[in-house]
Amino acid sequence: MEDEYYNEQEQWERVKAWARENVLWVVAGIAIGAAALSGWRWWTERQETRAVSASVRYGEALDAFARADATRAMTVIDELRKDYSDSPYADQGDLAAARSFVENNELDKAVERLTRVMNGSKDPQLRMVARYRLVRVLMAQSKLEQAQATFPVAAGAFAARFQELRGDLLLAQADRPGALREYLAAKALESAPDSDVTLDMAGLDLKISDLRADGVTEAAPATAVAVAPMAG
């Protein structure tokens with residue numbers, strides 16, 4: 001027992017000696033750890049605060065649109081983009097601005113906003129929403145080749161919507177058999193068991209019925225829009 005005691009005592013003396021020699025490093029390590037934890041908490045709280053602030057500003061823009069005060073809404077959206085460019089609310093603001101521009105037939109301005117979200121958003125869903133709406137605006141401008149070039153390689157959950165949109169594009173290009181083919185493909189995608197998209201099925205069925213009533217038959221092969229992975 002005595003030998004064991006002395007062994008433990010010797011070990012304790014070694015520990016104390018090591019502590020005396022390394023006390024500054026230990027204290028520094030604790031201080032650095034505490035500072036890192038404090039910094040992490042500060043950063044997290046700052047991010048949460050910024051997210052809330054961006055959300056409030058986005059709500060102000062929507063309220064201004066609801067009051068038909070587009071000038072005020074655009075001012076808030078531009079401030080949102082300037083002050084919170086890394087927030088998805090800045091992208092949402094641009095999407096709202098683009099919708100307003102479309103309603104006022106300011107299509108070039110809508111294209112600018114939608115292109116920015118399509119190319120710059122960190123959210124793949126928002127990028128795809130912007131791409132879909134951009135294709136529609138380009139079609140409204142009769143820029144059919146540019147619209148065609150804007151279609152995604154893979155559309156993920158948006159595949160059925162883009163398939164129907166491709167049908168609209170082909171119809172605008174006077175390719176009625178091709179349009180029918182794409183509409184039927186969109187309907188098949190929407191009804192697939194693993195589909196999580198929602199189409200205006202009544203509107204889609206009407207497009208199909210109108211073409212078939214005119215004696216149009218489906219062209220082949222189909223131009224399938226890939227379901228996954230989703231591309232920006």
Side-chain angles (χ1 to χ4, degrees), residues 51 54-55 58-59 61-62 77 81 84-103 110-140 143-173 175 178-209 211 218-232:
S55 174
Y58 177 64
L62 295 185
I77 287 171
R81 171 61 66 182
Y84 305 95
S85 60
D86 58 341
S87 168
Y89 288 107
D91 299 324
Q92 293 277 17
D94 274 339
L95 292 177
R99 180 186 295 274
S100 177
F101 286 134
V102 169
E103 292 172 351
V111 167
E112 180 183 355
R113 300 279 178 155
L114 293 171
T115 300
R116 179 161 61 190
V117 177
M118 181 184 73
N119 292 333
S121 177
K122 297 178 182 178
D123 187 325
Q125 297 288 338
L126 292 181
R127 291 201 303 270
M128 198 58 68
V129 168
R131 184 179 294 273
Y132 178 84
R133 294 181 184 178
L134 179 57
V135 172
R136 294 179 62 89
V137 173
L138 291 171
M139 289 172 58
K143 297 179 180 180
L144 302 186
E145 291 184 3
Q146 189 175 345
Q148 185 171 343
T150 306
F151 273 86
V153 175
F158 289 79
R161 294 186 182 183
F162 275 104
Q163 202 84 49
E164 181 181 7
L165 190 57
R166 193 186 294 277
D168 294 341
L169 177 60
L170 290 174
L171 193 62
Q173 294 172 324
D175 183 356
L180 178 58
R181 175 193 65 208
E182 302 303 322
Y183 291 150
L184 292 172
K187 187 172 182 178
L189 278 173
E190 198 278 341
S191 59
D194 58 347
S195 175
D196 59 354
V197 301
T198 302
L199 296 178
D200 176 7
M201 293 305 294
L204 181 58
D205 285 337
L206 182 60
K207 294 176 184 179
I208 294 171
S209 297
L211 288 171
E218 179 185 356
T223 303
V225 174
V227 175
M230 185 166 66

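- Residues Phe158 and Val129 have side chains in contact (heavy-atom distance under 4.5 Å, counting atoms from C-beta outward).
- A distance of 10.0 Å separates CD of Glu112 from CG of Leu114, quoted to the nearest 0.5 Å.
- Side-chain contact check for Arg181 versus Leu170: some heavy-atom pair is nearer than 4.5 Å.
- Taking CG of Leu211 as the start and NZ of Lys207 as the end, the distance is 10.0 Å to the nearest 0.5 Å.
- Note: Glu164 CD to Leu189 CG = 11.5 Å, rounded to the nearest 0.5 Å.
- Between atom CD of residue Gln148 and atom CD of residue Gln173 there is a gap of 5.5 Å, rounded to the nearest 0.5 Å.
- Interatomic distance, Phe162 CZ to Glu182 CD, rounded to the nearest 0.5 Å: 13.5 Å.
- Closest heavy-atom contact between Ala154 and Met128: O-CE, 3.7 Å.
- Residues Asn119 and Arg127 have side chains not in contact (no heavy-atom distance under 4.5 Å, counting atoms from C-beta outward).
- Across all their heavy atoms, Val102 and Ala110 have their closest contact at CG2-CB, 3.7 Å.
- Looking only at side-chain heavy atoms (C-beta outward), Arg113 and Ile77 come within less than 4.5 Å of each other.
- Side-chain atoms of Ser121 do not come within 3.5 Å of backbone N or O of Val117 as any donor-acceptor pair.
- For Tyr183 and Asp205, the side-chain atoms include no donor-acceptor pair closer than 3.5 Å.
- In this pair, Tyr58 and Tyr89 present their aromatic rings tilted. The plane angle is within the 30 to 60° band.
- Once rounded to the nearest 0.5 Å, the distance linking CG of Asp94 with CZ of Arg81 reads 4.5 Å.
- Within the 4.5 Å cutoff, side-chain heavy atoms of Leu165 are placed close to those of Met139.
- Applying the 6.0 Å contact sphere to CZ of Arg99 captures no more than 12 heavy atoms from other residues, nucleotides or ligands.
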### Task
Could you go through the side-chain contact (heavy atoms from CB on, under 4.5 Å) check for Asp86 and Lys122 one step at a time?
CA-CA 8 Å; Asp86 58 341; Lys122 297 178 182 178; 4.1 Å; yes
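- Side chains of Leu180 and Ile208 form a contact here, defined as non-hydrogen atoms less than 4.5 Å apart.
- Closest approach of Leu199 and Ala160 over heavy atoms only: CD1-CB, 3.9 Å.
- The closest donor-acceptor contact from the side chain of Arg131 to the backbone of Met118 lies at 3.5 Å or more, if one exists at all.
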